[in-house]
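Structure, as structure tokens:
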Amino acid sequence: VQLQASGGGLVQAGGSLRLSCAASGRTFSRRFMGWFRQPPGKEREFVAGVNWSGDVSYYAASVKGRFTVSRDNAKNTVYLQMNILKAEDTAVYYCATSPIDYSGSGTYYSTRGYDYWGQGTQVTVSS
């Protein structure tokens with residue numbers, strides 16, 4: 001599986017961005033997809049995740065209510081809609097995929113459950 005993230009950029013606080021992650025490989029539709037981010041000087045952290053069918057999603061407390069994760073299995077693409085952006089959302093954003101079915105919860109927030117990662121896309125929010 002190869003992942004290609006895009007859609008990052010510079011935006012003012014309060015603005016919106018939509019990230020996309022295009023995946024190759026026939027098993028995309030069966031895989032859990034996650035978004036992580038790594039702020040400058042900090043560790044990579046979980047942002048959002050969605051199960052294979054798109055009907056179960058998880059969010060970090062810091063983004064809940066502002067970000068929405070979704071997927072289109074026909075296009076092999078997962079999205080992260082980010083609204084009401086804040087300066088603290090500034091980070092490199094990564095998409096990742098896991099063979100584990102987190103539909104019933106589990107450690108979806110841990111990087112260790114993901115075996116393929118995209119290259120990252122920079123999001124910078126100016127205050």
Side-chain angles (χ1 to χ4, degrees):
V1 178
Q2 291 186 325
L3 303 175
Q4 180 74 34
S6 61
L10 174 64
V11 64
Q12 288 189 334
S16 298
L17 279 175
R18 188 176 82 153
L19 305 183
S20 299
C21 177
S24 63
R26 293 180 294 175
T27 61
F28 170 82
S29 62
R30 300 191 184 107
R31 285 178 156 262
F32 188 92
M33 297 298 297
W35 286 97
F36 289 76
R37 67 186 181 187
Q38 189 161 13
K42 296 184 179 181
E43 292 186 353
R44 195 168 297 190
E45 62 184 20
F46 173 80
V47 176
V50 61
N51 74 333
W52 68 274
S53 60
D55 61 349
V56 177
S57 57
Y58 303 103
Y59 298 92
S62 59
V63 307
K64 199 167 186 179
R66 300 187 297 121
F67 291 11
T68 303
V69 61
S70 62
R71 67 190 295 163
D72 185 338
N73 288 338
K75 296 182 178 179
N76 277 12
T77 303
V78 63
Y79 305 96
L80 184 67
Q81 177 67 43
M82 306 185 295
N83 298 328
I84 317 174
L85 283 161
K86 305 176 181 180
E88 51 263 42
D89 294 319
T90 294
V92 177
Y93 283 71
Y94 299 89
C95 59
T97 183
S98 171
I100 302 170
D101 182 6
Y102 291 119
S103 296
S105 189
T107 55
Y108 52 84
Y109 45 83
S110 172
T111 59
R112 287 183 285 183
Y114 297 80
D115 54 357
Y116 294 98
W117 292 79
Q119 84 289 3
T121 184
Q122 176 70 47
V123 171
T124 302
V125 184
S126 63
S127 56

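Along the sequence shown, residues are numbered consecutively beginning with 1. Side-chain atoms are counted along with the backbone in the values below, which use heavy atoms only and exclude waters and symmetry mates.
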Going through the distances and angles, do M82 and R66 end up as a side-chain contact (heavy atoms from CB on, under 4.5 Å)?
CA-CA 6 Å; M82 306 185 295; R66 300 187 297 121; over 6 Å; no

Yes or no on side-chain contact (heavy atoms from CB on, under 4.5 Å) for D72 and Y79, after CA distance, side-chain angles and deciding distance?
CA-CA 8 Å; D72 185 338; Y79 305 96; 4.1 Å; yes

Let's go through Y108 and Y114 carefully: what are the C-alpha distance in whole Å and the side-chain angles of both, what is the deciding distance for side-chain contact (heavy atoms from CB on, under 4.5 Å) to 0.1 Å, and is it a yes or a no?
CA-CA 9 Å; Y108 52 84; Y114 297 80; 4.1 Å; yes

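S20 approaches T77 most closely through the heavy-atom pair CB-CG2, 4.3 Å. For the residue pair P39 and E45, the shortest heavy atom distance occurs at CG-OE2, 4.3 Å. Contact between T97 and D115 at its shortest, heavy atoms only, is O-OD1, 2.9 Å. The shortest heavy-atom contact between N51 and D55 is ND2-OD1, 2.8 Å. Taking all atoms of both residues into account, the shortest heavy-atom contact from G113 to S98 is O-OG, 2.7 Å. Closest heavy-atom contact between R71 and F28: NH2-O, 2.8 Å.
In terms of modelled atom types and a separation under 3.5 Å, the side chain of N73 and the main chain of W52 share a donor-acceptor contact.
Contact check for S62 versus R37: side-chain heavy atoms found under the 4.5 Å cut-off. Inter-residue side-chain proximity for S6 and T121 is flagged as unmet; no heavy-atom pair is nearer than 4.5 Å. Within the 4.5 Å cutoff, the side chain of P99 has heavy atoms near those of the R31 side chain. Side-chain contact between R30 and D101 is absent, with no heavy atoms from C-beta onward closer than 4.5 Å.
Enclosure of atom CD in Q38 by more than 12 non-hydrogen atoms of other residues, nucleotides or ligands within 6.0 angstrom is indicated. By the neighbour-count criterion of 12 heavy atoms within 6.0 Å, atom CH2 of W117 is densely surrounded, having more than that number from other residues, nucleotides or ligands.
Criterion: ILVMFWY side-chain heavy atoms under 4.5 Å apart, direct or through other members. Under it, F46 and L3 are not part of a common hydrophobic cluster. A chain of hydrophobic side-chain contacts below 4.5 Å, direct or via other Ile, Leu, Val, Met, Phe, Trp or Tyr residues, connects V125 to V63. Hydrophobic cluster membership differs between L80 and Y109, with clusters built from Ile, Leu, Val, Met, Phe, Trp and Tyr side chains linked at under 4.5 angstrom. Cluster annotation: V92 and L19 are assigned to distinct hydrophobic clusters (Ile/Leu/Val/Met/Phe/Trp/Tyr, side-chain heavy-atom contacts under 4.5 Å, transitive). Using a 4.5 Å cut-off between side-chain heavy atoms of Ile, Leu, Val, Met, Phe, Trp and Tyr, with links allowed through other members, V47 and L85 fall into the same hydrophobic cluster.
Here ring pair (Phe, Tyr, Trp, His ring centres under 6.0 Å) pairs that include residues 86-105, with residues two or more places apart or in two chains, are F32-Y102.
One finds the OG1 atom of T68 at 11.5 Å from the CZ atom of R18 (value rounded to the nearest 0.5 Å).
For Y59, there are no ring-ring contact (aromatic ring centres under 6.0 Å, His included) partners at least two apart in sequence or on another chain.
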